[in-house]
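What follows is a single structure, written as structure tokens, with notes after it.
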Amino acid sequence: MSIVITGTPGVGKHTVGKEISQKLGLEIIDINEIAKNSGLFEQNDESNDVDTEKLQEILRAKISNKSIIIGHLAPYVLDSEKIDRVIVLRRSPYDLIQVYEKRGYSDKKSKENASSEILGVITYDAINQLQDKVIQINVTSRDIQEVLERVESAISGNIDSEEVDWLELVTKNNDLKKFFAD
Ligand SMILES: Nc1ncnc2c1ncn2[C@@H]1O[C@H](COP(=O)(O)OP(=O)(O)O)[C@@H](O)[C@H]1O
Ligand SMILES: [Mg+2]
């Protein structure tokens, strides 16, 4: 079994991935760590530019049938035939900007990531690449235990993908300016 945990930075991928890895005996494949160790990230640490073709090649050799693959780049670097399930974690942009503040992200980087979450970019790209294997889970207002239960159900195919619409929420609150750069 090969599982992917993806989503915008700060949604909880590593927190969830580590627990699921232990519980199901799957080896963690951390996409960012592999990209970093292979020198595939561009020098500028404000950007996330990475050589996705090379990264895809390296990952191809590492993924087994007992892998849990973690990273926001997953939709851009994975071969769909090797993957059984793709979990996209979604989290309110209001919560995400607090995570980014703690991480010391710049205003620009924080907005880039929050607006990407609002638009559902990773979900859109994951569905494009990995089709019906994709299940979306909203972690907002759920503690880690509850999230883990949902993720395990999603891996077994026992729950449907959840609807998420941050754009509607943020528009209703008149907060677009908070999350989108001028
Ligand atoms: N379900 C949750 N509820 C509240 N906080 C969470 C939850 N999951 C993760 N966190 C916290 O959110 C932050 C980001 O989680 P992390 O696993 O590092 O995200 P990612 O790997 O997606 O960037 C951490 O401080 C983590 O403790
Ligand atoms: Mg992480």
Side-chain angles (χ1 to χ4, degrees), residues 2-24 26-38 40-42 45-50 52 55 58-59 62-63 67-78 83 85-127 129-130 133-155 159 161-164 166 169 179:
S2 273
I3 304 299
V4 175
I5 310 280
T6 191
T8 308
V11 291
K13 297 181 294 296
H14 281 91
T15 308
V16 167
K18 277 177 199 154
E19 297 284 338
I20 298 287
S21 132
Q22 282 183 1
K23 190 138 192 201
L24 302 183
L26 303 173
E27 186 201 2
I28 291 182
I29 298 187
D30 184 324
I31 297 176
N32 276 28
E33 196 178 291
I34 289 168
K36 217 174 278 169
N37 293 343
S38 314
L40 297 180
F41 273 118
E42 258 189 10
D45 61 34
E46 264 300 291
S47 88
N48 283 328
D49 287 346
V50 68
T52 50
L55 185 51
I58 293 168
L59 286 168
K62 290 194 190 275
I63 294 167
S67 301
I68 182 159
I69 304 150
I70 303 175
H72 70 282
L73 295 171
Y76 316 103
V77 295
L78 296 178
I83 306 301
R85 189 78 66 201
V86 181
I87 313 292
V88 184
L89 302 180
R90 301 296 303 275
R91 189 169 189 180
S92 162
Y94 294 94
D95 291 1
L96 284 182
I97 53 168
Q98 288 180 21
V99 174
Y100 299 156
E101 207 163 296
K102 277 193 199 136
R103 287 182 179 179
Y105 282 16
S106 68
D107 187 56
K108 179 169 174 269
K109 187 170 172 180
S110 175
K111 280 182 171 161
E112 265 171 19
N113 282 291
S115 57
S116 165
E117 172 64 19
I118 291 169
L119 298 175
V121 172
I122 290 184
T123 296
Y124 182 86
D125 291 336
I127 291 170
Q129 285 302 315
L130 303 150
K133 293 166 182 166
V134 177
I135 294 185
Q136 197 167 240
I137 295 173
N138 184 357
V139 309
T140 315
S141 318
R142 284 180 169 149
D143 64 23
I144 289 161
Q145 212 45 50
E146 213 178 324
V147 171
L148 287 173
E149 280 165 26
R150 301 288 301 171
V151 170
E152 282 186 70
S153 299
I155 290 170
I159 55 164
S161 194
E162 296 176 346
E163 295 282 335
V164 172
W166 304 133
L169 173 72
F179 301 109

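Atoms within a ligand are numbered from 1 in the order they appear, just like the ligands themselves. All values below were derived from every heavy atom in this structure, side-chain atoms included, with hydrogens, water molecules and symmetry-related copies excluded.
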Those atoms of ligand 1 less than 4.0 Å from some heavy atom in Arg142: 1 (N), 2 (C), 3 (N)
Candidates Thr6, Val4, Val86 - the one meeting side chain to side chain contact (heavy atoms under 4.5 Å, CB included) with Leu78: Val4
Within-shell test, Gly7 vs ligand 1, heavy atom, strictly < 4.0 Å: no
NZ/NE/NH1/NH2 to OD/OE distance under 4.0 Å, Arg90 and Glu117: yes
Atoms of ligand 1 close to Thr15 [distance to a heavy atom under 4.0 angstrom, numbered from 1]: 9 (C), 15 (O), 16 (P), 17 (O), 26 (C)
Shortest reach to atom 22 (O) of ligand 1 by a heavy atom, considering only Lys13, Glu146, Lys18: Lys13
Candidates Ile122, Val151, Thr8 - the one meeting side chain to side chain contact (heavy atoms under 4.5 Å, CB included) with Leu89: Val151
Atom 8 (N) of ligand 1 - nearest protein heavy atom and its distance: Ile144 CG1, 3.8 Å
Proximity flag Arg103 to ligand 1, non-hydrogen atoms under 4.0 Å: yes
contact_flag Arg91 ligand 1 heavy-atom lt 4.0 Å: yes
N or O contact, Gly10 vs ligand 1, cut-off under 3.5 Å: yes
For His14, the ligand 1 atoms whose distance to one of its heavy atoms is below 4.0 Å: 17 (O), 21 (O)
Per-atom contact, atom 25 (O) of ligand 1, protein heavy atoms, under 4.0 angstrom: no
Polar contact flag for Val99 and ligand 1 (N/O pairs, less than 3.5 Å): no
Qualifying residue, where the test is side-chain hydrogen bond (donor to acceptor under 3.5 Å, both in side chains) with Tyr105 and the options are Lys109, Arg103, Lys108: Arg103
Closest His14 atom to the Mg ion (ligand 2) [N, O or S only]: ND1
Tyr124 side chain near Val88 side chain, heavy-atom distance below 4.5 Å: no
Which of the ligand 1 atoms, numbered from 1, are nearer than 4.0 Å to a heavy atom of Val147: 1 (N)
Lys/Arg-Asp/Glu bridge criterion (N-O < 4.0 Å) met for Lys62, Glu27: no
Closest protein heavy atom (residue, atom, distance) for atom 19 (O) of ligand 1: Gly12 N, 3.0 Å
Of Ile83, Ile5, Leu26, Ile28, the residue whose pairing with Ile69 passes side chain to side chain contact (heavy atoms under 4.5 Å, CB included): Ile83
Audit row: His72, Asn113, side chain to side chain donor-acceptor pair (under 3.5 Å) steps and yes/no: CA-CA 11 Å; His72 70 282; Asn113 282 291; over 6 Å; no
Main-chain N/O of Val77 paired to Thr52 side chain as donor or acceptor, under 3.5 Å: no
